[in-house]
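See structure below.
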Amino acid sequence: MTTARSFPPSIPGPFRSAASRYRGVLGRPGAPQFFLAAALARLGVAMTGLGLLFSIQHATGSFAVAGAGTGAFALAEAVVGPQIARLIDRWGQTATVPVAVLVHVSAVIVAITTAGPAPIGITLATVVIAGAAIPQPGALSAARWSRLLPEPEALRTAFSLEANVNDVVFLSGPILVTLMSSLLAPCAGSAAAGILVAAGCVTLSLQRSTAPLPRRRPERGADTHRSTLLAPPFLAALGVNLGLGCFFGAVPLLVTAAATTEGRQPFIGLVLALSSAASIVAGALYGAMRSTPRPQTVQLIASVVLTLAVLVGTVWPTLLGLAIMLLVGGTAIAPLLASSSQIVQATVVPQELTQGFTWINSASAAGIAASAALTGWLVAQGGVEASMPTLTVLVLIAVASAGFAQARAKAGRRREDVSLKPHR
């Protein structure tokens with residue numbers, strides 16, 4: 001009698017082990033359904049900002065108005081997103097997400113149809129509403145994984161998978177929206193983004209079996225005076241993601257400026273894709289490992305790698321130097337994102353979990369906004385060379401935050417060791 005094989009014998013053992021780990025988390029009841037729905041919605045989110053930029057610019061003929069609109073959208077998303085997440089934690093995904101989707105899609109439709117004929121203030125107001133109401137499918141999916149997987153190692157694999165999806169959608173989303181807006185109609189990208197967000201989020205919200213339970217009232221015995229969102233490990237993870245966002249915000253401007261100066265504009269997209277490609281590989285490896293250091297240690301190591309990569313760009317501020325920076329720095333991105341989700345899951349109580357995952361996104365968005373504005377000004381003043389030292393300082397926020405978290409973790413373990421020693 002022969003036994004069935006899960007993998008062909010030609011596949012090496014480590015790859016079989018990695019595949020089995022990912023198959024293990026996706027094989028849980030309900031996991032493939034909400035994972036795919038969230039991935040679809042995340043692709044729409046990745047297309048939304050650029051789609052609005054194309055739509056508003058074409059309708060108004062002004063890049064200034066379009067830039068103000070996308071900036072207002074991002075700011076509203078970062079500021080109001082955690083408050084929407086608070087409602088989701090309280091009332092549940094099924095009750096709240098469809099309402100948020102309805103408000104978001106309606107605001108996008110009004111924005112792209114009234115841009116141009118209507119006063120600029122109305123366009124910006126509707127864009128702010130669209131950004132404030134857009135759901136965060138990554139946070140919604142992470143909250144479901146936290147309920148579905150009690151094992152820390154399985155959660156690490158799931159969060160690594162989420163980080164990889166994040167890289168894929170933010171690599172492919174801008175390409176798709178650019179093609180659609182260029183080849184079909186200026187508003188086609190925005191329309192497709194809205195459809196993807198609506199279809200993915202509504203499909204996700206209707207899957208009740210894996211949805212986190214609503215927390216309409218504090219659990220009996222819970223401390224209602226101090227939020228776990230103020231816990232030092234969580235605040236340190238916010239600092240790490242703020243520094244990572246600074247890297248995200250500066251990179252497109254730096255690469256574009258270097259390529260323009262050297263006359264190599266056709267290579268911009270290829271160079272920018274290097275960080276996503278490296279992050280996908282690193283994320284897949286991180287999720288497949290049998291064991292890893294504590295998440296705080298992973299964050300410290302990855303933050304140092306990211307800083308060293310930026311130093312390469314500082315010493316060698318050319319397109320080739322920036323390409324090496326992105327290739328090396330990209331290996332830190334997925335481990336930072338996955339370990340941040342691990343820290344949120346381990347630190348934040350269930351009734352604040354969606355808020356925790358959303359605040360991580362908001363911290364990154366704040367870093368992107370601040371870094372993009374500062375880098376743009378520095379590039380205009382003195383080129384790439386003038387910008388790189390500042391980016392190094394901004395990325396050190398991540399190292400400092402991760403170092404703080406690691407120091408606290410070590411101090412906590414020392415106190416535990418002392419308390420366990422027998423008293424003489």
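In what follows, every heavy atom counts, from backbone to side chain, and hydrogens, waters and symmetry copies are set aside.
Expressed to the nearest 0.5 Å, how far CH2 of Trp359 lies from CG of Leu235 amounts to 10.5 Å. The CG atom of Leu308 sits 10.0 Å away from the OG1 atom of Thr392 when rounded to the nearest 0.5 Å. Atom CG in Asp89 sits 9.0 Å away from atom OG1 in Thr96 (nearest 0.5 Å). Atom CG of Leu171 and atom CG of Leu43 lie 11.0 Å apart (nearest 0.5 Å). Taking CG of Leu36 as the reference point, atom OG1 of Thr203 lies at 10.5 Å (rounded to 0.5 Å). Rounded to the nearest 0.5 angstrom, Ser146 OG and Phe159 CZ are separated by 4.0 Å.
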- Between Ile333 and Ser275, does a side chain to side chain contact (heavy atoms under 4.5 Å, CB included) hold up when you go through it step by step? CA-CA 8 Å; Ile333 294 173; Ser275 62; 4.2 Å; yes
- Could you go step by step and tell me if Ile84 and Thr358 meet the side chain to side chain contact (heavy atoms under 4.5 Å, CB included) rule? CA-CA 9 Å; Ile84 300 296; Thr358 304; over 6 Å; no
- Task: Any chance you could lay out the side chain to side chain contact (heavy atoms under 4.5 Å, CB included) test for Met388 and Leu322, step after step, and finish with the verdict?
- Result: CA-CA 10 Å; Met388 291 306 304; Leu322 294 179; 4.1 Å; yes
- Going through the distances and angles, do Phe35 and Arg28 end up as a side chain to side chain contact (heavy atoms under 4.5 Å, CB included)? CA-CA 11 Å; Phe35 173 73; Arg28 301 297 177 95; over 6 Å; no
- Task: Show your reasoning for whether salt bridge (Lys or Arg N to Asp or Glu O under 4.0 Å) applies to Glu162 and Arg42.
- Result: CA-CA 10 Å; Glu162 291 285 322; Arg42 290 171 90 158; 2.3 Å; yes
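No side-chain donor from either of Gln207 and Arg144 sits under 3.5 Å from a side-chain acceptor of the other. A side-chain N or O of Glu352 and one of Thr228 form a donor-acceptor pair less than 3.5 Å apart. Remark: the Ser364 side chain and the Asn241 side chain contain no N/O donor-acceptor pair separated by less than 3.5 Å. Under the 3.5 Å distance criterion, with hydrogens and angles disregarded, no donor-acceptor pair is assigned to the side chains of Gln299 and Gln406.
For the pair Pro233 and Thr347, the tightest heavy-atom approach, listed with the atom from each and the gap, is CB-OG1, 3.9 Å. Across all their heavy atoms, Thr390 and Ala386 have their closest contact at OG1-O, 4.2 Å. Of all non-hydrogen atoms in Leu272 and Pro252, the two that sit nearest each other are CD2-CA, 3.9 Å. Of all heavy-atom pairs spanning Pro317 and Thr314, the tightest one is CD-O, 3.8 Å. Smallest separation of non-hydrogen atoms from Thr178 and Leu50: OG1-CD2, 3.7 Å. In terms of heavy atoms, Pro137 sits closest to Pro135 at CD-O, 3.1 Å.
No side-chain donor-acceptor contact under 3.5 Å links Thr331 to the backbone of Ala278. Between the side chain of Ser371 and the backbone N or O of Ile368, no donor-acceptor pair lies under 3.5 Å. Ser106 contributes no side-chain N or O that, together with a main-chain N or O of Val103, makes up a donor-acceptor pair within less than 3.5 Å. No side-chain donor-acceptor contact under 3.5 Å links Thr157 to the backbone of Tyr22. Side chain of Gln345 to main chain of Leu155: no donor-acceptor pair is present (N/O by atom type, distance under 3.5 Å, no hydrogens or angles). Checking side-chain atoms of Arg86 against main-chain N and O of Gln355 turns up no donor-acceptor pair under 3.5 Å. Side-chain atoms of Arg156 come within 3.5 Å of backbone atoms of Met289 as a donor-acceptor pair (strictly under, hydrogens ignored). A donor-acceptor contact shorter than 3.5 Å links the side chain of Thr126 to the backbone of Thr123.
Residues Val240 and Ser303 form a side-chain contact, since some pair of their non-hydrogen atoms from C-beta on lies under 4.5 Å apart. By the 4.5 Å heavy-atom criterion applied to side chains, Ile56 and Val127 are counted as neighbours. The closest side-chain heavy-atom distance from Val328 to Val312 is not below 4.5 Å. Side-chain contact between Phe357 and Ser141 is absent, with no heavy-atom pair separated by less than 4.5 Å. Here the side chains of Ile343 and Gln296 are in contact, with some heavy-atom distance below 4.5 Å. Between His104 and Val108, some side-chain heavy-atom pair lies under the 4.5 Å cut-off. Side chains of Val197 and Val105 form no contact here, defined as non-hydrogen atoms less than 4.5 Å apart. Leu391 places none of its side-chain heavy atoms less than 4.5 Å from the side chain of Thr375.
Within 6.0 Å of the CD1 atom in Ile120, the count of heavy atoms belonging to other residues, nucleotides or ligands does not exceed 12. The number of heavy-atom neighbours closer than 6.0 Å to CZ of Phe267, taken from other residues, nucleotides and ligands shown, is 12 or below.
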